[in-house]
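Here's the structure we're looking at; comments come further down.
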There are 2 protein chains.
Amino acid sequence: MRLLIADDHDLVRDAIAALLRAGGCDEVAVAGTLPEALAAVQAAGSFDLVLLDYDMPGMEGIEGLIEMKRTFPAQAVAIISGVARPSAAREALDAGAIGFVPKAMPARSIIGAVTLMASGSVFAPFDFLKQEEPPSQGGLSARETEVLRGICAGRTNKEIAREMDLQEVTVKLHVRTLTRKIGARNRTHAAMIARENGWF
Amino acid sequence: MRLLIADDHDLVRDAIAALLRAGGCDEVAVAGTLPEALAAVQAAGSFDLVLLDYDMPGMEGIEGLIEMKRTFPAQAVAIISGVARPSAAREALDAGAIGFVPKAMPARSIIGAVTLMASGSVFAPFDFLKQEEPPSQGGLSARETEVLRGICAGRTNKEIAREMDLQEVTVKLHVRTLTRKIGARNRTHAAMIARENGWF
DNA sequence: TATTTACCTATCCGAAGGGATAGGATCACG
DNA sequence: CGTGATCCTATCCCTTCGGATAGGTAAATA
């Protein structure tokens, strides 16, 4: 079995690579960035499986996966991550990933997961995916979440209103209610809270 | 050599543990949280070295290290981290850590680093420590940095002025210049930029 | 000494944020 | 069918922010 594992932390990457080699993977190549990973696939022709870290130079979340699937549509690619939320996993699978491996997964499961994905089956821990998002965002409604996303991008109420096709007053209402809900003092504080909890 | 490695990501933790075992460590215990690590030290009496992840339930940055050193003053404790900045490493060493291991370190260096620390020598990669903070904050002055810290806490200009013993107008001046310097559209954007770069 | 840099204060202004209150529309659920 | 939740709009009001402009001090430096 021929693998490529890409993670920007040398220690973590090489440790997992060693674990896979010990588990019976014939060839485990490594990369530290998305461009390196792309070059490695180009050079090798293809791998049985490519593991991409969700937080790595060049990835920008799910964008890196999309880029790799666009460049090498037939390549089996999985995402590995320590911080991503269930929604990110679902997005990755929707974008064509063959699997999603949380770093919190037991080490003894990795060999099985990798073998499964290399053979063409989709792998994703059920108990991870079934975690719902709502509780993680303090019970914000869909609109409020959208507005909060705009706040985090540093946009003004007027700009948010334009892009959501709403009146500015409506945005202000959402801002007021959402800051109350999450216990923020103002929009800046709300943005920081959203950040700290990794909502976006 | 008897080690304890604590990291909340099972996969990473066990992979590194396997790497260390392969490197000749007789006994490598593991823990997934700070309380677990404390309990493990309590149960074992002591280890030649304890590796604590900087981002782990119960750690709160450097606080977890301080707690362990307070509970077991004689225990050699090192910090391992994937995201921490040089200043955090210096703080850790000041707080009594026997070393600081960035996860970006080459895997082949870990055995040597661990052996070194277990034998009582302080270990910290020189090229990591020597990275200076100033350039990371876009050339902000001391006052501007203080104001930015206040913004990130969600405080208003008036509140920042009070706690810094300044006039509100002065704070506004600093806000204006610092947002320009870091290329932010407004205070909220500035706070997000500071967060993304891990300035606080 | 002159210049630069960081720092502090002031006034004035328009734009944006934050809050109260009130009302209407839609949809799901009991 | 009523009730509640969510969402949208509206009008007033006051606070805060962001910016322009115009000063001043102190310390380091050329």
Side-chain angles (χ1 to χ4, degrees), chain A residues 86-87 130 132-197 199-200, chain B residues 87 132-197 199-200:
Chain A
S87 64
K130 83 175 175 202
E132 282 308 317
E133 300 295 302
S136 71
Q137 294 191 12
L140 296 191
S141 70
R143 290 306 231 187
E144 288 161 354
T145 304
E146 267 307 296
V147 170
L148 181 54
R149 188 188 311 275
I151 291 175
C152 286
R155 282 192 270 274
T156 65
N157 288 343
K158 195 174 294 184
E159 290 169 330
I160 296 171
R162 255 204 307 276
E163 81 179 7
M164 286 178 70
D165 200 32
L166 293 177
Q167 295 302 310
E168 189 182 348
V169 280
T170 307
V171 175
K172 288 171 71 171
L173 172 69
H174 289 318
V175 170
R176 183 149 42 89
T177 54
L178 79 85
T179 50
R180 285 201 195 294
K181 279 186 182 177
I182 67 179
R185 312 183 56 189
N186 50 48
R187 56 169 49 220
T188 303
H189 195 193
M192 298 306 280
I193 290 174
R195 258 280 155 188
E196 277 165 30
N197 292 78
W199 291 343
F200 302 119
Chain B
S87 63
E132 283 308 317
E133 300 294 305
S136 71
Q137 294 191 13
L140 295 191
S141 70
R143 289 307 230 187
E144 288 161 353
T145 304
E146 267 308 297
V147 171
L148 182 53
R149 189 188 309 277
I151 291 176
C152 285
R155 282 191 270 275
T156 65
N157 288 345
K158 196 175 293 185
E159 290 169 332
I160 296 171
R162 254 203 308 275
E163 82 178 6
M164 285 178 70
D165 201 32
L166 294 176
Q167 295 303 308
E168 188 182 348
V169 280
T170 307
V171 174
K172 288 170 71 170
L173 172 70
H174 289 317
V175 170
R176 184 148 42 90
T177 55
L178 79 85
T179 51
R180 287 200 193 294
K181 279 186 182 177
I182 66 179
R185 312 182 56 189
N186 49 50
R187 57 170 48 221
T188 303
H189 195 192
M192 297 306 279
I193 290 173
R195 255 277 154 186
E196 277 165 29
N197 292 79
W199 290 344
F200 302 120

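Throughout, a chain's letter reflects where its sequence line sits, starting with A, and its residues are numbered from 1. The figures that follow rest on heavy atoms only: side chains count, while hydrogens, waters and symmetry mates do not.
- Counting heavy atoms from C-beta outward, A:Cys152 and B:Met192 have side chains that approach closer than 4.5 Å.
- Side-chain contact check for A:Glu146 versus A:His174: every heavy-atom pair is 4.5 Å or farther apart.
- Distances shown here put every side-chain N or O of A:Ser141 at or beyond 4.0 Å from the OP1 or OP2 atom of D:dT6.
- Under 4.0 angstrom from either OP1 or OP2 of D:dC17 there lies at least one side-chain N or O belonging to B:Asn157.
- Of the candidate nucleotides C:dG18, D:dG19, D:dC17, C:dG18 has the atom nearest to the side chain of A:Asn186.
- For A:Arg176, whose side chain is taken as the heavy atoms from C-beta onward, the closest listed nucleotide among C:dC8, D:dT21, C:dT21 is C:dT21.
- Dashed line: the shortest gap from a side-chain N or O of A:Lys158 to OP1 or OP2 of C:dA15 is not under 4.0 Å.
- Phosphate contact (OP1/OP2 of C:dA6, side-chain N/O of B:Arg143, threshold under 4.0 Å): absent.
- Rounded to a whole Å, the CZ atom of B:Arg155 is 17 Å from the C1' atom of D:dC17.
- Distance A:Lys172 NZ to D:dT16 P: 14 Å, rounded to the nearest Å.
- Using a 4.5 Å heavy-atom threshold, the side chains of B:Arg187 and A:Arg187 count as separate.
- Residues A:Met164 and A:Val147 are in side-chain contact: their nearest non-hydrogen atoms beyond the backbone lie under 4.5 Å apart.
- If you take CG of A:Leu178 and C1' of C:dG17, they are 13 Å apart, rounded to a whole angstrom.
- Spacing between atom NE2 of B:His189 and atom C1' of D:dC17 amounts to 17 Å, rounded to whole angstrom units.
- One can place CG of A:Leu173 at 13 Å from C1' of C:dG23, the figure rounded to the nearest angstrom.
- For B:His174, taking side-chain heavy atoms from C-beta onward, the closest of the listed nucleotides C:dC8, C:dG19, D:dT9 is C:dC8.
- Rounding to whole angstrom units, CD1 of residue A:Ile151 and P of C:dG17 are separated by 9 Å.
- In the region residues 159-169 of chain B, proximity to DNA chain C at under 4.0 angstrom, judged on heavy atoms, holds for B:Leu166, B:Gln167, B:Val169.
- Which of C:dG18, D:dT9, D:dC17 sits closest to the side chain of B:Thr156 comes down to D:dC17.
- Side-chain nitrogen and oxygen atoms of A:Arg180 include at least one within less than 4.0 Å of the OP1 or OP2 phosphate oxygen of C:dA20.
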After noting the C-alpha distance and the side-chain angles of A:Gln167 and A:Thr170, does the key distance pass the side chain to side chain donor-acceptor pair (under 3.5 Å) rule?
CA-CA 5 Å; A:Gln167 295 302 310; A:Thr170 307; over 6 Å; no
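- By the 4.5 Å heavy-atom criterion applied to side chains, B:Leu173 and B:Arg176 are counted as neighbours.
- Using a 4.5 Å cut-off on side-chain heavy atoms (C-beta onward), B:Ile193 and B:His189 make contact.
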